[in-house]
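Heads up, the thing below is written out as structure tokens.
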Amino acid sequence: MSVRSELENLKVKAEKALSELEDKYFKKELSEDQYKKWKNRLEDYLRSLHKQIEAAGSEDSLSLERSLLYEKSEAQKLLTAFLDERVKRLIPIIDKEYGVRYPEVEKVTGLSALDTIVLIDQLAESNILSASIYSKGIKCPRCRSNNILAQYVCPYCQSPDFDKGKVIEHFKCHYMDFELKFKKETELLCPRCNSVLKNLGVDYQKHGPWFKCSSCVKFFDEPLATYSCGDCGSVFELQQAVFQSLYSYTLNMNYISEYEKVTIPLKQLEEQLAEKGWILKTPAFIIGVSGLMHQFSAALWFKKEGLEAILPVDPDIILEVYTSSTGITADKVLSFAVKAQDVDCRVKLIVGIPRFESKAIELAEHYNIELLPVRNREIFIETVVNYVLSREVSERLRLQTAETAALEDALKMLDEKLVGEGD
Ligand SMILES: [Zn+2]
Ligand SMILES: [Zn+2]
Ligand SMILES: [Zn+2]
């Protein structure tokens, strides 16, 4: 789901909550204080939602083509392989049946050779992949097959019967032949005039390697190439051949933040945790204690009886996912800490793919932020689920709940006391 549709969803819910609130107040099920407090909070929330929906609108139209591609699981797999650096560049190979194939992509996506080409074309058209010419091959001009065999003949008589070697030219009698024919023990002897060849450049010259045709006995420096098609049998010269460019592809890093979002399987995480009694919202828009709204990769609520997490407040866990092959920096931890501090929440968690820098770890400790490193995207769900269901987290949630309850009790007592004293 796109950010925009998630925002629209929240807007509908918030509007519904607001009308329910009015209703309850009208039926006198709420005190005026409670009503005002919630009304203010909801109205603030709706205002900031409107702003975000406007901002998301302009981004969405630009990336519509890309976002459609991102929904394909094969595209996600390929992007994941790029981001995990299992794939760096898509290299073509010539294939007799399909023309060109990208075996690496076939392996990563599980697609057929032809579907792989289609996917690569779509990704290149929408600028997710950048193409560059890798090589030029030739195809049969008649049947377009690239099952081509090159053959070489004498350019004078088209005979395929020729040899290659260093050639000696004797200046005095103008005789030319392969060096081998001049060799007599340690000397060079002209087979035509029987003179001994002494000084290179004075008596004789060396050429080549050249070619000599056995049929017409002529020398030439390049044989003529002809090509024959392995499929239809037609024979043609280079001038008539159809040229085919083969492309290699790299990932266009301009949209790296989009790839990172789509390759993190938060929706699957939502399904898995739902079975264990957790509600997960992604992306999550949470109203802070200050009334400002903050966006997180996800927020989690443990389902308690009678609680429906309609309102985006007070989650049990807020979670942000960052990725960086060189390690998540302290900057990222700090930017998370700023918004996380404004949220009344038991566990504040950063998931880092694949690791954190040591400064980031220090800073997280200082701000009481949990860090969860995940080595690669393939084990993302498993690692996060294990963490959320861990004893450490559940104990922490219980403890915090107990603390909160104790605090509430204390405040209530204080309140009663103050009211009592006021009498
Ligand atoms: Zn010839
Ligand atoms: Zn000679
Ligand atoms: Zn052919």
Side-chain angles (χ1 to χ4, degrees), residues 91-103 106 112-118 120-121 131 133-248:
I91 304 289
I93 59 160
I94 291 181
D95 185 89
K96 283 179 183 163
E97 196 175 339
Y98 299 103
V100 60
R101 282 177 74 168
Y102 293 84
E106 289 170 25
S112 70
L114 285 179
D115 288 341
T116 296
I117 305 278
V118 172
I120 290 175
D121 283 347
I133 290 190
Y134 180 75
S135 70
K136 285 261 190 215
I138 55 170
K139 286 176 154 187
C140 169
R142 197 206 276 169
C143 76
R144 308 277 146 161
S145 161
N146 57 10
N147 180 11
I148 304 299
L149 185 70
Q151 285 167 328
Y152 302 93
V153 294
C154 165
Y156 300 106
C157 71
Q158 325 310 302
S159 163
D161 187 6
F162 57 83
D163 292 305
K164 188 180 114 176
K166 290 250 185 222
V167 168
I168 283 178
E169 180 184 3
H170 188 208
F171 290 150
K172 203 173 97 191
C173 71
H174 300 294
Y175 185 71
M176 272 205 321
D177 211 334
F178 288 127
E179 193 175 8
L180 219 64
K181 299 274 171 72
F182 285 82
K183 279 210 166 134
K184 209 86 189 182
E185 285 155 12
T186 57
E187 283 182 333
L188 290 172
L189 200 71
C190 176
R192 182 186 277 170
C193 70
N194 277 319
S195 329
V196 176
L197 280 56
K198 279 184 186 144
N199 299 316
L200 180 69
V202 179
D203 293 341
Y204 67 101
Q205 188 58 274
K206 272 192 187 181
H207 302 287
W210 274 1
F211 299 87
K212 185 189 178 187
C213 176
S214 308
S215 282
C216 69
V217 210
K218 280 184 177 133
F219 286 93
F220 49 94
D221 55 5
E222 266 177 15
L224 180 70
T226 62
Y227 301 89
S228 62
C229 174
D231 286 349
C232 75
S234 70
V235 177
F236 54 95
E237 285 179 21
L238 202 57
Q239 299 289 337
Q240 302 159 302
V242 173
F243 280 86
Q244 174 193 20
S245 298
L246 299 187
Y247 294 93
S248 68

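We count ligands from 1, going down the list as the structure has it; atoms in each ligand are counted the same way.
- Not one N or O on the side chain of D161 forms a donor-acceptor pair closer than 3.5 Å with the backbone of S215.
- The backbone N or O of K184 lies less than 3.5 Å from no partner atom in the side chain of E187, so there is not a single donor-acceptor pair.
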Report all side-chain donor-acceptor pairs from residues 168-182 shorter than 3.5 Å, counting only partners two or more places apart or in another chain.
unit_1, atom_1, unit_2, atom_2, d
E169, OE1, H207, NE2, 2.9
K172, NZ, S195, OG, 3.1
Y175, OH, D177, OD2, 2.7
D177, OD1, K212, NZ, 3.3
E179, OE2, K206, NZ, 3.0

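- Remark: the backbone N or O of Y98 is paired with a side-chain donor or acceptor of D95 at under 3.5 angstrom.
- Two residues are said to be in side-chain contact when any heavy atoms from C-beta on lie closer than 4.5 Å; F220 and W210 fail this criterion.
- Annotation: side chain of S214 is in contact with side chain of D163 (closest heavy-atom distance under 4.5 Å).
- Between V100 and I117, some side-chain heavy-atom pair lies under the 4.5 Å cut-off.
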Could you pull out every donor-acceptor pair under 3.5 Å between side chains of residues 134-145 and any protein atom, sequence neighbours left out?
unit_1, atom_1, unit_2, atom_2, d
K136, NZ, S245, OG, 2.7
S145, OG, N147, N, 2.9
S145, OG, D231, OD2, 2.8

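- Angle SG(C193) to the Zn ion (ligand 2) to ND1(H170), rounded to 10°: 100°.
- Of all protein N/O/S atoms, those under 2.8 Å from the Zn ion (ligand 3) are C140 SG, C143 SG, C229 SG, C232 SG, and waters are not counted.
- Remark: at the Zn ion (ligand 2), atom SG from C173 and atom SG from C190 enclose 110°, rounded to the nearest 10 degrees.
- The shortest distance between side-chain heavy atoms of P223 and V153 does not fall below 4.5 Å.
- Between T116 and R101, every side-chain heavy-atom pair lies at or beyond the 4.5 Å cut-off.
- Within the protein, the N, O or S atoms sitting under 2.8 Å from the Zn ion (ligand 1) are C154 SG, C157 SG, C213 SG, C216 SG.
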